[in-house]
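One structure is given below, encoded as structure tokens.
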Amino acid sequence: MAILTAPAGKASPRGVRTSPAVRKLAALTLVAAVLVPLAAARWASGTWPEALTVDVSGPLGGASDWIIDNRDSHPLFLHFLGHVSNAVVLSVRAVYLALLAVGWAGVTGVAALIAWRAAGVRLALGTALAFLACGLLGMWVPTMQTLALMVVAVAASVLVGVLLGLAAGLSDRMDRVLRPVLDTMQVLPAFAYLLPVVLVFGIGVPAAVLATVVYAAPPMARLTALGLRGADKEVLEAVESLGTTARQRLLTARIPLARKELLLGLNQTIMMALSMAVIASVIGAGGLGDRVYQALASVDVGAALAAGIPIVLLAVVLDRVTGAAGARLGQAPVPHARALWAGALAAAAAVAVAGRLTDRLEWPDGWVVGIAEPVNRAVDWMTDHLYSGVPVVGGTADWAGRFTTWVLDPLRDGLQWLPWWSVLLAVAALAWVIGTWRTALTAVSAMAAIGVLGVWNASLDTLSQVLAAVAVTLVIGFATGVAAARSDRVERLLRPVLDVFQTMPQFVYLIPVVALFGVGRAPAVAAAIVYALPAVVRITAQGLRQVDPAALEAARSLGATSGQQLRQVQLPLARRALLLAVNQGVVLVLAVVIIGGLVGGGALGYDVVLGLAQGDLATGLVAGAAIVCLGLTLDRVTQPTGRRTRKGA
Amino acid sequence: MRFRTMPAVAAGSAFALLTLTGCGAADMTRQASPFANAQGARTVTLSVQSWVGAQANVAVAQYLLEHELGYRVDTVQVDEVPAWDALSQGRVDAILEDWGHPEQEQRYVEEKKTITPGGDLGVTGHIGWYVPTYFAEQHPDVTDWKNLNKYADRFRTPESGGKGQLMDGSPSYVTNDKALVKNLKLDYRVVFAGSEAAQITQIKQFAKEKKPFLTYWYTPQWLFEQVPMTEVKLPAYEEGCDADPAEVACAYPVTPLQKYLNADFARNGGEAAELLRNFRWTTEDQNEVSLLIADRKLSPRQAAEKWVDSHASVWKEWLP
Amino acid sequence: MTTTGTPATDTPVFAVHGLWKVFGPKAGRVPGDPRLADLDPAALRARTGCTAAVRDVSFDVRKGEVFVVMGLSGSGKSTLVRCLTRLIEPTAGTIAIDGEDVRAMDRARLRTLRRHRAAMVFQHFGLLPHRTVLDNVAYGLEIQGMGRGERREKAAEVVAKVGLEGMEQRRPAQLSGGQRQRVGLARALAVDPEVLLFDEPFSALDPLIRRDMQEEVIRLHREEGRTMVFITHDLQEALKLGDRIALMRDGRVVQLGTPEEIVGSPADDYVRAFVRDVPREQVLTVRTAMRPPLSSEEAATGPGVSPDATVSEAIEAVSRAGTSARVLDRGKCVGVVDAGALLDVVAGASATTADARADRAVPAPRREPAPPTATTSEEPV
């Protein structure tokens with residue numbers, strides 16, 4: 001009986017599922033049959049035809065020069081942007097001076113106490129240890145600089161994000177306008193944000209803060225809107241039935257009801273702000289990121305690590321504390337909360353005053369542990385012994401070389417060899433089959449824009465790195481995800497690792513890969529893989545675990561082996577999660593492949609670095625625009641239809 | 001009704017911003033780094049470029065400013081061209097080693113007068129193409145650019161594809177290499193290592209295996225001590241032959257390296273400005289510090305200390 | 001569609017006339033256009049894309065009564081109750097509260113109505129999860145601008161009244177469903193409203209807790225005599241609580257009357273089908289079954305029952321005594337019930353009910369004389 005029905009049951013849904021895809025492909029083939037011969041006849045070349053490019057570097061260069069010439073005289077700068085910049089400088093400075101005035105003991109104490117009140121004793125202890133570690137590594141002042149920058153950037157991001165989120169949460173029209181913009185901003189690599197702000201503000205802290213705000217505000221806005229929209233309708237109705245004014249409703253119900261999302265937004269904003277504040281060292285943010293950047297520039301892995309560890313510690317602490325604060329919501333309030341806060345504050349003040357009185361504001365030089373030297377010795381040893389010529393397995397540099405020769409090169413050359421219209425067609429087909437004609441149109445337009453901008457080849461180079469990295473990421477990620485979904489032990493082992501890896505800023509991943517693989521495209525790809533893996537593993541494992549247990553039970557009752565359960569029940573039912581994993585993998589990989597420009601990844605990321613380094617903002621901006629387009633294309637091509645469907649109003 | 005608060009909030013925040021910053025004009029080009037002059041210390045902000053020679057300059061200057069004059073020194077890593085912008089805006093007080101940026105000089109020194117020259121560094125710089133000496137000894141004719149195509153396949157790497165590899169370092173350095181390769185019709189591809197350090201790693205790796213390579217390099221540079229390299233002769237430099245970046249087909253010039261100071265700092269910087277103006281040392285001095293930093297892996301501060309301890313006669317003259 | 005005995009003195013608390021609520025594009029044209037107004041729901045949707053949730057509904061809610069609106073899901077009852085305080089804006093018709101036109105109120109006036117005159121209890125409680133029980137109960141007062149101390153004091157009283165003492169500092173998440181609804185009830189009571197509106201308040205609760213809560217409502221009504229509008233889909237609940245019941249179907253009121261009338265003389269087949277399984281002897285009163293005494297001897301002997309006693313109580317009395325029973329109103333014999341007539345009621349013969357109704361002068365408030373057994377009589381005795 002079961003044998004008889006099984007094939008029928010399997011065949012019919014698949015038939016239903018593929019038929020729209022087949023129809024879409026047929027329609028696309030029809031369009032292509034008309035357009036391709038035309039295009040190919042007119043602009044016959046493998047690469048993007050010259051005739052279809054628009055040179056924007058001239059006007060962009062002109063704009064850049066104009067801005068530099070008028071920055072100290074034009075009213076727009078004097079009366080608006082100048083104030084913005086000034087406000088940023090003043091507030092960062094105020095926070096920085098405050099942090100220095102409190103002293104290292106005070107800062108550590110206050111941070112630990114906040115962590116204690118928000119997240120419990122264990123995290124308080126962890127926070128204190130993390131701050132002390134920053135001091136021990138000799139990074140106290142850079143840590144404070146980064147912290148000052150972060151405080152201002154996060155405050156501004158939250159303000160902007162909440163305002164935008166309120167607008168989108170309360171007004172359907174604003175929501176329709178803002179949502180696609182915010183969704184798109186979410187998938188763009190951090191690097192793309194740097195150049196426009198540099199163009200306007202020049203290199204320095206204001207530019208860094210503003211880039212951070214632009215990068216970190218969207219999650220706050222999205223989650224605020226989500227929280228406001230997701231509020232329990234009946235609670236709102238109940239509140240309205242009691243005769244609240246719109247203002248009372250917002251302040252006493254809608255915002256408090258959204259507090260879980262607000263805190264999650266704060267958490268995400270902080271994490272993204274940290275990530276960006278570190279990357280923004282490329283445009284003069286200073287602080288820890290600058291130390292990493294300087295160390296990377298001299299391939300001083302030890303020094304990079306000394307600055308990288310505080311970044312990771314800061315990231316983990318901030319993530320855990322805000323996360324724990326979110327998890328604590330809705331629990332019973334601790335009695336005497338206010339008294340405890342007061343006590344905590346008094347204790348912190350006492351520590352700060354004690355620090356002041358004993359004149360121990362600055363981290364004592366004697367307490368610095370230099371890790372750079374031993375680390376560098378280890379790295380040297382690695383370079384000498386593991387780099388190349390290791391018997392049988394070969395050295396890491398050999399792997400990198402082989403990966404470059406056998407994977408990256410053929411992929412790049414293949415992509416660049418493909419006729420330009422066939423690339424567009426492939427993009428259209430993929431995006432349409434997975435999504436809707438809308439996503440297909442966006443994807444194709446974005447891809448075509450790359451050609452028009454005249455960076456077709458560089459973009460395909462970047463694309464080849466992304467594809468190679470994504471392929472490796474997915475193979476490893478799905479395998480690990482399946483393992484984690486099937487075994488609780490594996491999941492328990494993986495979870496802390498994933499937690500830490502997911503909170504680390506992108507920049508930090510560059511350090512170990514340079515040590516292992518030297519420079520070039522292979523290390524950039526390796527960094528991207530490591531960065532994207534945790535998300536892919538996690539989404540895969542969650543997707544598989546969330547598969548309806550009833551369906552699994554049914555399969556088991558029919559005597560399916562565990563392999564059959566996986567293939568025939570879990571994987572098909574977790575299809576959406578797997579697609580999401582692909583989408584996330586692509587987005588994350590792109591972000592790091594771009595940053596890989598700093599370690600020899602070349603292509604678009606390199607153009608951005610070059611633009612920044614040479615002050616040739618035109619080149620950088622064109623590359624930045626191409627990155628945006630590539631990000632859009634890749635996101636739309638991998639985006640399952642459902643993500644954008646929303647409930648009817 | 002419910003949205004009436006929104007414009008109010010927007011207006012409120014705009015107002016707060018204005019009151020915070022004070023009404024009227026705000027010139028963003030005259031805003032110092034927020035991290036400068038913390039805790040009332042007199043602070044000098046120096047621009048550090050990514051190459052080690054420049055780090056040596058800054059390390060010694062920083063050491064002297066801190067220990068002899070009692071300043072607090074912040075260093076900021078900015079690439080060469082943006083450093084000019086930062087110097088003009090006062091976010092950086094001085095650049096100690098500039099390899100010649102005529103366009104920026106014209107704009108900031110001549111026109112806007114926000115930057116003033118700080119005099120010679122005392123070091124003469126030269127950029128060129130180099131092959132390792134062990135290779136040049138086996139194939140003496142490689143040192144002429146006309147024979148480079150003959151050796152193109154010897155210089156092939158995975159990154160350069162079917163062509164020979166001409167290795168460049170940081171994208172921020174002054175380079176005409178792409179134009180040179182094109183204009184001299186060389187069968188090479190310029191591969192950027194991404195940073196000088198990355199380039200050095202590569203060079204050392206090649207040297208260890210005694211492989212041939214062709215690289216963009218410059219003097220003074222401490223690496224010559226470890227990996228002896230021989231310059232490849234390019235068509236001789238003539239005044240103005242590099243005027244059009246796209247049409248360059250000649251060698252790089254020999255450049256006396258320059259110091260530049262922010263104009264305000266030069267006027268009001270007191271002893272610090274004077275010390276930086278007087279700062280002038282030789283190629284050997286710089287290389288000595290560079291080698292300590294890059295090869296012995298001393299921190300720049302330790303390297304500077306070591307040099308200062310043994311060369312009192314040199315730096316005593318710089319003090320105001 | 002009004003019942004026989006409208007109290008002459010009081011204006012109704014709510015007077016609803018010709019009320020419509022139509023959802024969909026250009027909803028406003030539907031009520032006024034007889035060709036559209038008479039369409040059945042499917043045809044209306046096909047023709048205009050609109051759904052009429054409430055269609056031409058009229059009723060009065062009298063002071064002090066429990067007015068139940070009953071219907072299956074989708075019958076429009078929840079929409080109807082929301083129209084009363086304009087949580088949903090009606091499409092057409094009039095609503096008056098104490099004679100004042102609700103639809104003409106401006107925002108401020110409407111807020112005053114919601115704050116002081118009508119408070120609502122919701123199916124899923126609608127509590128604010130971030131506030132304690134006490135602060136949830138005090139919320140309505142806070143909205144009115146009452147000071148912290150005063151409103152907490154007042155809220156504490158109400159919390160005690162609904163039996164939640166000692167839980168003031170808990171959060172809603174720490175309470176059981178029944179306790180949460182007590183908080184919802186307390187919140188509504190705290191503002192001391194003229195009318196309490198209940199929107200299926202107990203349908204999310206377990207049956208046992210539901211019965212407790214029903215008792216609670218009956219107790220509150222007995223103690224305070226507050227007017228209540230009660231929405232439910234549960235016929236038992238409607239019969240148990242309602243002084244009068246409006247039975248809704250597809251947005252229309254198909255019958256409005258006392259529980260006895262609904263069970264005893266269903267207006268149409270729909271209502272008949274609806275009440276078919278109701279144990280009639282527990283709903284209908286002896287009035288339905290009584291006849292004039294045949295003799296003075298009959299009028300003087302036999303057990304006495306109240307006119308408002310249920311048939312099932314009368315059966316008990318009759319079977320215990322073995323004779324017919326007298327129906328005594330204030331000591332005077334107004335009729336006699338015998339075993340045969342009572343059995344007819346149980347069997348569903350409704351011939352006598354029409355006469356019986358005619359005899360009724362005033363619909364007496366059912367609750368006050370009701371013996372304790374009446375409320376637990378759903379259990380088989």
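Sequence lines set the chain letters: A, B, ... in the order given, protein chains first and strands last, and positions in each chain run from 1. Source: prediction; values computed, not measured.
- Going from atom CZ of R114(C) over to atom CD of E240(A) covers 4.5 Å, rounded to the nearest 0.5 Å.
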Yes or no on side-chain contact (heavy atoms from CB on, under 4.5 Å) for Y139(C) and T244(A), after CA distance, side-chain angles and deciding distance? CA-CA 10 Å; Y139(C) 184 73; T244(A) 46; 3.6 Å; yes
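- Around CD of E224(C), the count of heavy atoms belonging to other residues, nucleotides or ligands within 6.0 Å exceeds 12.
- Residue contact with chain A, scored on non-hydrogen atoms closer than 4.5 Å, involves the side chain of R131(C) exclusively.
- Heavy-atom minimum distance, S241(A) versus M120(C): OG-CB, 4.0 Å.
- Looking at A108(C), neither its backbone nor its side chain comes within 4.5 Å of chain A, counting heavy atoms on both sides.
- Counted within 6.0 Å of CD on E553(A), heavy atoms from surrounding residues, nucleotides or ligands total 12 or fewer; the atom is thus considered open.
- Residues of residues 141-151 of chain C that come within less than 4.5 angstrom of chain A, heavy atom to heavy atom, are E142(C), I143(C) in numerical order.
- No donor-acceptor pair under 3.5 Å is formed between the side chain of E237(A) and the backbone N or O of L87(C).
- In terms of heavy atoms, L242(A) sits closest to R115(C) at O-CG, 3.2 Å.
- Of the two parts of R170(C), neither the backbone nor the side chain holds a non-hydrogen atom closer than 4.5 Å to a non-hydrogen atom of chain A.
- When each of V239(A), L257(A), L236(A) is checked for heavy-atom pairs under 4.5 Å with chain C, V239(A) comes out on top.
- Smallest separation of non-hydrogen atoms from G126(C) and A238(A): O-CB, 3.6 Å.
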Could you give me the CA-CA distance, side-chain angles and deciding distance for V235(A) and L128(C), then say whether side-chain contact (heavy atoms from CB on, under 4.5 Å) is met? CA-CA 7 Å; V235(A) 176; L128(C) 293 164; 3.5 Å; yes
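- For the atom pair K233(A) NZ and H124(C) NE2, the distance stands at 14.0 Å (nearest 0.5 Å).
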